[in-house]
Amino acid sequence: MSIALAGSGGSGVMTAGTLLLDAAARAGLYGIMVRTSGPQIRGGEAAALVRLAHVPTTSLDDRFDLLLAIDWQNIHRFADEIPLSAASVLIGDPDEGTAPEVFTAAGARYAMLPLKKMAKAIPGSWTNMVALGVAGALAGIEREALAAALRASWKRADDKLTANLAALDAGIAAAADIGASCALPPAPTPGTGRWLLSGNEAAGYGALRGGVRFVAAYPITPATELLEWMAPALAKVGGTLLQAEDELASINMIIGASYGGVPSLTATSGPGLALMTESIGLAVAAEVPIVVVDVMRGGPSTGIPAKSEQSDLSFAVSGLHGDAPRLVLAPTSIADCLTTTQWAVHLAEALQAPAIVLSDQFMGQSRAVIDRPPDVDFAGARLTAAANAPDYKRYRDTPSGVSPMAIPGTPGVVYTADGLEHSEAGIPSSQSRDHRLQLDKRERKLLLHDYGDRWADVEGDAAADAVVITFGSTTSAVREALARAACGGVHAKLIALRLLAPAQPERLAPLLAGVDRVLVVEQNHGAQLYRYLRSVYDLPGKVSSFHRPGPLPLRPGEIAEAVFAWRKA
Amino acid sequence: MNDVAVAAPPTAASYKSGYKPIWCPGCGDYSVLSSVTKALAMIAVPPSMVAVVSGIGCSSRIPAYTSCYGFHGVHGRSLPAATGLKVARPELTVLVASGDGDGYSIGGNHFLHACRRNVDLTYIVMDNHVYGMTKGQPSPTTEPDWDSKLSPGGTGVRSFHPLVIALASGANFVARAFSGDPNGTAEMIAQGIRHPGFSFIEILSPCVTFRPEQREWKRQMHAAPVAPTDDPARAARRIMTDDGFNIGVLYVGKRTPYPAVTGKVKCAPEALEAEFAL
Ligand SMILES: Cc1ncc(C[n+]2csc(CCOP(=O)(O)OP(=O)(O)O)c2C)c(N)n1
Ligand code: SF4
C-alpha cells in the first residue's frame, strides 16, 4: 500500500506523513517514509511518500495507490516521483483548483474533498490532520493508532489537541464516503521490539556502538542529520562533535584525534569526500584508523543535493592517489546502516586503516519501521603498544601486516606518524626497499583479515544458475523484484555486497559455482559496480548490467522486467 | 627512544631524537629546533606527553627531530590535525609547526579558524618568505618584487601580515621571534605553551639557500621596545606600524579556550536506543 501526501511548503505534509508512519507502526505494520521536496530551502513543494506493508519493506513500489494533495501548487513537478495507475485514487481539494493532467492521465479515480473547509469548521485545527485522517482510514489503520500517534507527538496546548483529534475524525469520516478498496488488512500481531528511525540516525548510533567518541564535520546535505543526531548523543556518552571550517579540516581533525587514540568519524557527501581524498591517503600511509560515511547524492560537482544516487562507488574504491588500500563498505538497508557503520568502526580500528561507508540520501533521510537489529559485538580492537616495549617500531613488518600503534602519552614508544613513505621505525625514506615493504604491509593487513560471512547478504535459491549482484539501498528493490520474478517462474539468487573493498574472490567463487549468467543492478549512469566487479572478480558466463542514474529510485517493477528480459536473452 | 629518567630535571638534549636533520647547513630551522627543545625543558613536561604536529615543508620536518610524539601530515593541514588531537586528548601538550607556505597559503583558512576557535595549542610558523622545500617559489609573505623562476620579476602581489590576521581572528597570544635568538625564542615558546588558548609565534627563520640575503636579518632584528598588551586594538596598531623586525611577545589575551572533551559519561550508548523504540 503506497500513499503520497503532497502540498506546498508549510502545508504540513511531512508531519502528516511522519504521523501516518508512526500510526501504522502502532497498528503493527512495517513501512517506510521517503521525503521529497523541491530545491527551495523553505516553502517549496513537498511530498511524503509512504509505503506500508505486513513485512519489513524499505523500497518504494512501482505505483502509488493514493495521492492526496492539500494543494496543487507545483505538485506536477513530482509526476515522475509519484506514478499512478488506473487503480489509484487521487484526492484533491476543489477549492485549490484541479489536479494537473500529469496525474489524471493514468485514469486514476479523482475524488474531491474540501480539506481546508473541513479544518476551518473545527476552530484551531489544521488541514494536514484532516488529510492524516483520510489517508490513515484509506490505508486501513484504526482510529486509535492514528489518535495515539497524534497524541504522542503533541507538544502544544491541550485544547488544540482536542481540535486536531476532531479534524482527524472528520478525515476518517470523509474517507468512508470515498470508499477506496486499497486498505491493508489489520496486522495479524501487534509489532513488538520494533524501531522507527532514519538511516542517518541508524548510522550515527552504529558509530557510537562501535566506539566512536570524536566527530568533526562540515555540514552537507544529505549527511547533516547524521551529524545533528550525533552531536547531543556524543555529549551523553563522553565524546564530542566539532564543526570544522571545511572538509579538509574535518578529515584531518579526525585523523589527529584518532592518532591520539580516540576512535573517530566524519560524515559527508560526494563533494566533501572529494575534498578529503588527499588526507584519506594520509590515513592509509600513516595507518590511522578513521571512518568516513558518505551519504551519496546525485553528482558530479554539486549535482542534485537532495536526491539519491549510487554514483560515488568508483571514486570510493579507487579515488586516492598512489597505491592506497582502503576499506569500502555499504549498508544494504536502513537497519543495516547501524550494523555496517559499527562494523566499519571495528574494521578501521582493527586494521588501522580508513573505512569509507557508502550510504545514500534514500537510506539516510528516509524513516522506516524496522525490527530491532540484533546486537553485535565485534571482537578485537586497535592493537596498541605497551609502555617501554623493547625495540619498538611503529611500522614493523608483522606477518598480519598490523603493527602495534603507540598512543601519545605512552612512555618509551614515541614515534612520528608520517604520510611520507617511511622505514619500519617511521623515519621518512625514499628507499625502494622501504616503499615496497610498507606497500606490501598495508595491502596485506586488509587482504589477510577474516571478514566472515558479513561481507555480503546472500539470499534466494542456492541452486539457481543465475545471480543478481547489487549493493546499498538498491538491495531492497532487487529483493522484491526477484520475489516477483520467482512468481513468474524465473529464479536467481541475490548477492548484496556489504564489503566492496577489499574484494573477496575466495568468498564469491563458491557462490558462483554452476552459475552461467550474472546481472549487476545499480543506480548510476556509468555502471560503476558492473565495471568494478569485472575488474576485481572472475564472473562466469554472460554478465549483464541494469543501471540507471538517480534521482528516481530504482523500482521493483523495472528491475523485475530487466530480470525477465535478461533470463530470456 | 626512551624517556628520560623522571628523577633528573630534563635538559634540552632530553627532547632531541638524534635523527640528523635534512636541512641545509646554516638553515634557521636548526635554531628553531633547539629553541623548541629548550622550551620543553623549561616546561619540564615528559616527552611522551608532548605531540609535535606539522604539515609539509622543510620546516615541517621538525617533529621527528624531537623525542616527543610526532605527526607529520599533509601540506597545510597541521592545525586541523592538532585541533582534533588536543580536543580529544586535552592532557597532552600539543605544539604545531608550519612554514609560511604550509601555514599561510595552502593552510590559510585553517589559520583563521584556529585563531577563532582558540583551542589550547601553540603554533610556531618558521617564516622564511619562500617555499624552501619546492626550491624557491614565492609565498604569501614574500615581497612583491622578489624575482623567481615561477614568477619572473616578482608576483606584484603584496605580502600579507600574519600577526595582524592572527589578532583579528582571535588568537590569544601573539609573538614575533627570530631564529637567530634561540634563547629568546625558547622563552616565547615556553610562554606560549603556558598561556591558555591558541598561542601564535611567528618565527623569522632564514632560508639561506633560496633567500641568502636573509643572513642580514640578524643585523636588523631588535627587541620590541614595549611590554605586551592585552588590548587587541593597541597591539594591532603597533604591529601595523612597526618595521617588521620587532621581536617579542606583542599580545596576551584573556579569551577562554575552546572546551576539550570532558570524557564525562552520562549514559552508555545502548541507553540512546530508547528514542527509536516504538
Ligand atoms: C597538496 C600539495 N601541494 C603541493 C605540495 C608541494 N609542496 C611541498 S612543501 C611546499 C611549500 C613549503 O613551503 P613552506 O611551508 O614555506 O616551508 P619551507 O619549506 O619553506 O620550510 C609545497 C608547495 C605538496 N606537498 N602537497
Ligand atoms: S631550502 Fe631553505 S628552508 Fe629548506 S632547509 Fe634549505 S635553507 Fe632551510
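So that the names make sense, note that chain A is the first sequence line, chain B the second, and so on, each numbered from 1.
The residue among B/Glu91, B/Arg116, B/Lys86, B/Lys266 with the most heavy atom pairs within less than 4.5 Å of chain A is B/Lys266. If you tally non-hydrogen atom pairs under 4.5 Å between each of A/Ala417, A/Gly419, A/Gly426 and chain B, the highest count goes to A/Ala417. In terms of non-hydrogen atom pairs under 4.5 Å with chain A, the most contact-rich of B/Pro63, B/Cys267, B/Gly263 is B/Cys267. Chosen from B/Glu273, B/Glu275, B/His75, the residue pairing most often with chain A at heavy-atom distances under 4.5 Å is B/Glu273. Of the listed residues A/Asp375, A/Ile251, A/Leu208, the one with more heavy-atom pairs under 4.5 angstrom with chain B than any other is A/Leu208. Listed options A/Thr192, A/Asp246, A/Leu234, A/Ile254 were ranked by heavy-atom pairs under 4.5 angstrom with chain B; first place goes to A/Asp246.
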(request) For side chain to side chain contact (heavy atoms under 4.5 Å, CB included), just list the numbers for B/Ser199 and B/Asn172, CA-CA rounded to whole Å, side-chain angles, deciding distance to a tenth of an Å, and then say yes or no. (result) CA-CA 6 Å; B/Ser199 301; B/Asn172 211 27; 5.8 Å; no

(request) Decide side chain to side chain contact (heavy atoms under 4.5 Å, CB included) for B/Thr122 and B/Ile201; before the verdict, give the C-alpha distance in whole Å, the side-chain angles of both, and the deciding distance to 0.1 Å. (result) CA-CA 8 Å; B/Thr122 303; B/Ile201 303 159; 4.0 Å; yes

(request) I would like to know whether A/Ser423 and A/Tyr395 meet side chain to side chain contact (heavy atoms under 4.5 Å, CB included); could you show each step before the answer? (result) CA-CA 7 Å; A/Ser423 66; A/Tyr395 300 108; over 6 Å; no

(message) One pair to check against side chain to side chain contact (heavy atoms under 4.5 Å, CB included): A/Ser429 and A/His422. What are the steps and the verdict?
(response) CA-CA 5 Å; A/Ser429 166; A/His422 40 257; 5.5 Å; no

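Looking at A/Ile427, only its side chain comes within 4.5 Å of chain B, counting heavy atoms on both sides. Within the 4.5 angstrom heavy-atom criterion, no atom of A/Ala286 approaches chain B. Residue A/Ala406 touches chain B through both its backbone and its side chain, counting heavy-atom pairs closer than 4.5 Å. For A/Val262, the part sitting under 4.5 Å from any heavy atom of chain B is the side chain, from C-beta outward, and nothing else. For A/Asp391, no part sits under 4.5 Å from any heavy atom of chain B, backbone or side chain. Contacts of A/Ala233 with chain B are made by both backbone and side-chain atoms, with heavy-atom separations under 4.5 Å. Contact of B/Ala268 with chain A is made through the backbone alone, with heavy-atom distances under 4.5 Å. For chain A, the nearby part of B/Arg89 is the side chain; its heavy atoms alone come within less than 4.5 Å. Residue A/Arg372 touches chain B through its side chain alone, counting heavy-atom pairs closer than 4.5 Å. For a residue to count as touching a neighbouring chain, one of its non-hydrogen atoms must lie under 4.5 Å from one of that chain's; by this rule A/Leu196 touches chain B with backbone and side chain alike. Interface remark: B/Leu92 contributes side-chain atoms only to the contact with chain A (heavy atom separation under 4.5 Å).
Using a 4.5 Å heavy-atom cutoff, the side chains of A/Met33 and A/Thr18 are in contact. Between B/Ser105 and B/Pro140, the closest side-chain pair of non-hydrogen atoms falls below 4.5 Å.
In this structure, B/Phe160 has its ring center closer than 6.0 angstrom to the ring center of B/Tyr104. Within the 6.0 Å centre-distance limit, the rings of B/Phe200 and B/Phe111 are counted as a close aromatic pair. Note: A/Trp195 and A/Tyr30 fail the aromatic proximity criterion, with ring centroids not under 6.0 Å apart. Taking the six-membered ring where the residue is Trp, the centroids of B/Tyr19 and B/Tyr65 are separated by 6.0 Å or more. Remark: aromatic rings of A/Tyr205 and B/Phe276 are close, center separation under 6.0 Å.
Scanning both residues, A/Ala152 and A/Arg26, for their nearest heavy atoms gives CB-NH2, 3.2 Å.
Contacts between residues 238-245 of chain A and chain B, counted as heavy-atom pairs separated by less than 4.5 Å, involve A/Gly238, A/Gly239, A/Thr240, A/Leu241, A/Leu242, A/Gln243, A/Ala244, A/Glu245.
Expressed to the nearest 0.5 Å, how far OG of A/Ser279 lies from CG of A/Asn252 amounts to 3.5 Å. Separating the CD1 atom in B/Ile106 from the CZ atom in B/Arg77 is a distance of 5.0 Å, to the nearest 0.5 Å.
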